[in-house]
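Heavy atoms only: backbone and side chains are in, while hydrogens, waters and symmetry mates are out. Numbers here are sequence positions counted from 1.
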Amino acid sequence: MASSNLLSSSIVLSLSSKFPKGRMGFAGALPLLSRPKLPKAPNLWSSFTFATPKYSTNLLRFRSETRAVGGPEVKEASAGDDALVGEDSAAFELGEQKLASWVYFTVILGAVLFALDAFWINPSTGYGAAFIRAVSSISESPEVVVLILVLIFAVIHSGLASLRDTFEKLIGERAYRVLFAGVSLPLAVSSIVYFINHRYDGTQLWQVQSVPGVHQLVWLSSFISFFFLYPSTFNLLEVAAVDKPKMHLWETGIMRITRHPQMVGQVIWCLAHTLWIGNSVAVAASIGLIGHHLFGVWNGDRRLAARYGDAFDAMKSRTSIIPFAAILDGRQRVPKDYHKEFLRLPYLTITALTLGAYYAHPLMQASSFGLHW
């Protein structure tokens with residue numbers, strides 16, 4: 001799967017590059033003082049949950065088994081068992097959150113953005129401009145350059161992901177996360193900024209921006225794509241290494257529709273933007289991004305199988321790569337309250353961030369143009 005460090009970067013790419021220059025642009029119980037012991041009143045703070053569905057207890061015919069050191073606890077099902085073997089996606093209990101953890105998250109996020117600017121983006125102190133010049137010197141064709149940038153990112157990103165188990169044994173989960181993000185994020189930003197600045201270069205292949213309904217189709221497709229793109233950000237505290245990062249075996253929510261939502265989301269995004277922009281640069285970028293995510297389908301399944309074994313095989317047997325295929329052929333049985341698996345804070349956050357970035361896309365465009373990459 002693609003990395004979670006692409007959360008902010010993917011929004012910038014999608015919403016900055018979507019439309020040319022402004023066309024379009026988230027009271028506790030009292031102590032018990034005497035016997036007999038009275039029922040304890042509920043903790044009002046912990047009562048705030050985000051619609052976590054209740055799964056029928058008659059499905060719970062499995063035994064718990066931790067499959068690997070550093071991995072979350074998953075369940076091993078017997079043959080023909082429909083019980084969940086993976087984790088409940090995007091589950092969020094407000095009462096379980098620690099204020100200190102989110103303070104740490106905010107501090108870490110600020111430190112990462114400061115370092116990214118100082119060492120990569122800032123023209124006076126960063127190396128991003130030199131990197132772009134070096135790649136651009138290979139070819140005068142923006143199509144070739146954008147493909148090379150995506151290829152460099154894909155090799156580093158997928159290579160480090162493939163070596164995750166090895167690195168985590170050597171340096172630990174948190175240090176690996178810092179290494180992974182520290183290398184991947186600058187390369188992602190470089191590809192994004194270059195694409196934004198050169199997306200209307202190249203050969204125009206078609207022009208449908210004035211066709212009625214295309215504008216709305218592209219906007220809606222892009223909005224939907226983000227709900228597929230971000231399953232790896234269900235736990236932001238792990239993304240920032242506040243909590244110990246784990247390789248998760250998600251099984252509910254968007255995973256019922258497709259086992260590889262990031263690939264599906266990327267394909268939707270690429271098709272929508274290639275339709276809108278309609279030139280050779282958009283086609284080249286889409287070929288690179290879709291190719292990277294198709295490789296991620298194979299590589300992701302391989303890594304999850306190695307980590308979780310039979311539990312992944314059970315999950316794989318009732319999910320699909322092609323959206324809705326497992327549901328349509330009866331391998332995936334969607335619960336009656338399936339909608340509640342989406343009425344959760346992570347999905348609401350994605351909605352808010354997507355809409356916010358959409359309305360802020362002129363500022364994002366201007367920031368990219370100012371770098372002259």
Would a hydrophobic clustering, with Ile, Leu, Val, Met, Phe, Trp and Tyr connected at side-chain separations under 4.5 Å, put L160 with V155? no
Between T274 (side chain) and L271 (backbone), is there a donor-acceptor pair under 3.5 Å? no
Under 3.5 Å: donor-acceptor pair, side chain of T258, backbone of I254: no
Please tell me if the side chains of T203 and N279 come closer than 4.5 Å, counting only heavy atoms from C-beta onward. no
Which atom pair, heavy atoms only, marks the closest approach of R177 to A241? CG-CB, 4.0 Å
Check: L237 and Q97 side chains under 4.5 Å, non-hydrogen atoms: yes
Let's go through T252 and Y338 carefully: what are the C-alpha distance in whole Å and the side-chain angles of both, what is the deciding distance for side chain to side chain contact (heavy atoms under 4.5 Å, CB included) to 0.1 Å, and is it a yes or a no? CA-CA 9 Å; T252 62; Y338 181 47; over 6 Å; no
Before you tell me yes or no, could you show the steps for W276 and H215 under side chain to side chain contact (heavy atoms under 4.5 Å, CB included), namely the whole-Å CA-CA distance, both residues' side-chain angles and the distance that decides it to 0.1 Å? CA-CA 8 Å; W276 179 260; H215 178 284; 4.0 Å; yes
At their closest point, which heavy atom of I171 faces which heavy atom of A175, and how far apart are they? O-CB, 3.3 Å
Where do N197 and H372 land on the side-chain hydrogen bond (donor to acceptor under 3.5 Å, both in side chains) test, with the steps shown first? CA-CA 8 Å; N197 290 343; H372 303 293; over 6 Å; no
For Q262 and L229, indicate whether the former's side chain and the latter's backbone hold a donor-acceptor pair under 3.5 Å. yes
Residues S320 and I322: closest non-hydrogen pair is OG-O, 2.7 Å
Would you call S317 and R331 a side-chain contact if the rule is heavy atoms closer than 4.5 Å? no
Answer yes if Y127 and F131 sit in the same cluster of Ile, Leu, Val, Met, Phe, Trp and Tyr residues linked by side chain heavy atoms under 4.5 Å apart, and no otherwise. yes
Are any non-hydrogen side-chain atoms of H292 and L289 less than 4.5 angstrom apart? no
Would a distance-only check, ignoring hydrogens and angles, find a side-chain to backbone donor-acceptor pair under 3.5 Å from R199 to V281? no
Sorted by chain and residue number, the side chain to side chain contact (heavy atoms under 4.5 Å, CB included) partners of I268 (sequence neighbours excluded) come out as S221, S225, F228, V264
Please tell me if the side chains of P142 and Y194 come closer than 4.5 Å, counting only heavy atoms from C-beta onward. yes
Using a 3.5 Å cut-off and no angle test, enumerate the donor-acceptor pairs between side-chain atoms of residues 104-121 and protein atoms at least two apart in sequence or in another chain.
residue, atom, partner, partner atom, Å
T106, OG1, W102, O, 2.9
W120, NE1, P186, O, 3.2
W120, NE1, S190, OG, 2.7

Point-to-point distance, once rounded to the nearest 0.5 Å, from OG of S222 to OH of Y358: 10.0 Å
Which residues share a side-chain hydrogen bond (donor to acceptor under 3.5 Å, both in side chains) with R302, sequence neighbours left out: N299
Sub-4.5 Å side-chain heavy-atom contact between V267 and H293: no
Quick one: pull up CG in L348 and CZ in F342 and give me the separation to the nearest 0.5 Å. 12.0 Å
Are F195 and I287 connected into the same hydrophobic cluster when the rule is that any two of I, L, V, M, F, W, Y join if their side-chain heavy atoms are below 4.5 Å apart? yes
Just jot down the ring-ring contact (aromatic ring centres under 6.0 Å, His included) partners of F312, sequence neighbours excluded, or say none. none
Only counting residues at least two apart or in another chain, list the ones meeting side-chain hydrogen bond (donor to acceptor under 3.5 Å, both in side chains) with S141. E143
R256 side chain reached by E341 side chain, heavy atoms, under 4.5 Å: yes
Residues in side chain to side chain contact (heavy atoms under 4.5 Å, CB included) contact with T166, at least two apart in sequence or another chain: L170
Nearest heavy-atom pair of H157 and S184: which atoms, and what distance? CD2-OG, 3.9 Å
Could you walk me through whether V85 and R318 pass side chain to side chain contact (heavy atoms under 4.5 Å, CB included), step by step? CA-CA 11 Å; V85 297; R318 53 175 173 260; 3.6 Å; yes
Under the criterion side chain to side chain contact (heavy atoms under 4.5 Å, CB included), I'd like the reasoning laid out for R164 against R303: C-alpha separation, chi angles, the key distance, then a yes or no. CA-CA 9 Å; R164 177 173 183 163; R303 293 168 57 220; 3.7 Å; yes
Side chain to side chain contact (heavy atoms under 4.5 Å, CB included) with L294: which residues, sequence neighbours excluded? M263, I290
In terms of heavy-atom contacts, D329 and A326 come closest through OD1-O, 2.9 Å
State which residues pass side-chain hydrogen bond (donor to acceptor under 3.5 Å, both in side chains) with D165; sequence neighbours excluded, sorted by chain then number. R307
To the closest 0.5 Å, what do you measure between CD1 (I350) and CZ (F226)? 10.0 Å
Where S89 and W250 come nearest, the two heavy atoms and their spacing: OG-CB, 3.2 Å
Atom CG in L371, atom CD1 in I132: separation rounded to 0.5 Å? 9.5 Å
Check this for me, if you would: do D88 and R344 make a salt bridge, where the nitrogen-to-carboxylate-oxygen distance has to be below 4.0 angstrom? yes
Step by step, work out the side-chain hydrogen bond (donor to acceptor under 3.5 Å, both in side chains) result for H248 and E238. CA-CA 11 Å; H248 291 277; E238 290 184 20; 2.7 Å; yes
Shared-cluster residues of F295, by chain and number - hydrophobic side chains joined below 4.5 Å: W298
Do F324 and I327 come within less than 4.5 Å of each other through their side chains, counting heavy atoms only? yes
Please name all residues satisfying side chain to side chain contact (heavy atoms under 4.5 Å, CB included) with V208, sequence neighbours left out, ordered by chain then number. W206, V211, V214, L275
Give, for atom CD of Q266 and atom OG of S286, the distance between the pair rounded to the nearest 0.5 Å. 8.0 Å
Could you state whether L187 and V144 fall into the same hydrophobic cluster, counting links through intermediate Ile, Leu, Val, Met, Phe, Trp or Tyr residues with side-chain heavy atoms under 4.5 angstrom apart? yes
OG of S368 to CD1 of I192: how many Å apart, nearest 0.5 Å? 8.5 Å
Transitive ILVMFWY side-chain link V183 to V193, under 4.5 Å: yes
Partners meeting side-chain hydrogen bond (donor to acceptor under 3.5 Å, both in side chains) with T319 (sequence neighbours left out): R259
Is it the case that atom CD in E140 sees more than 12 heavy atoms from other parts of the structure closer than 6.0 Å? no
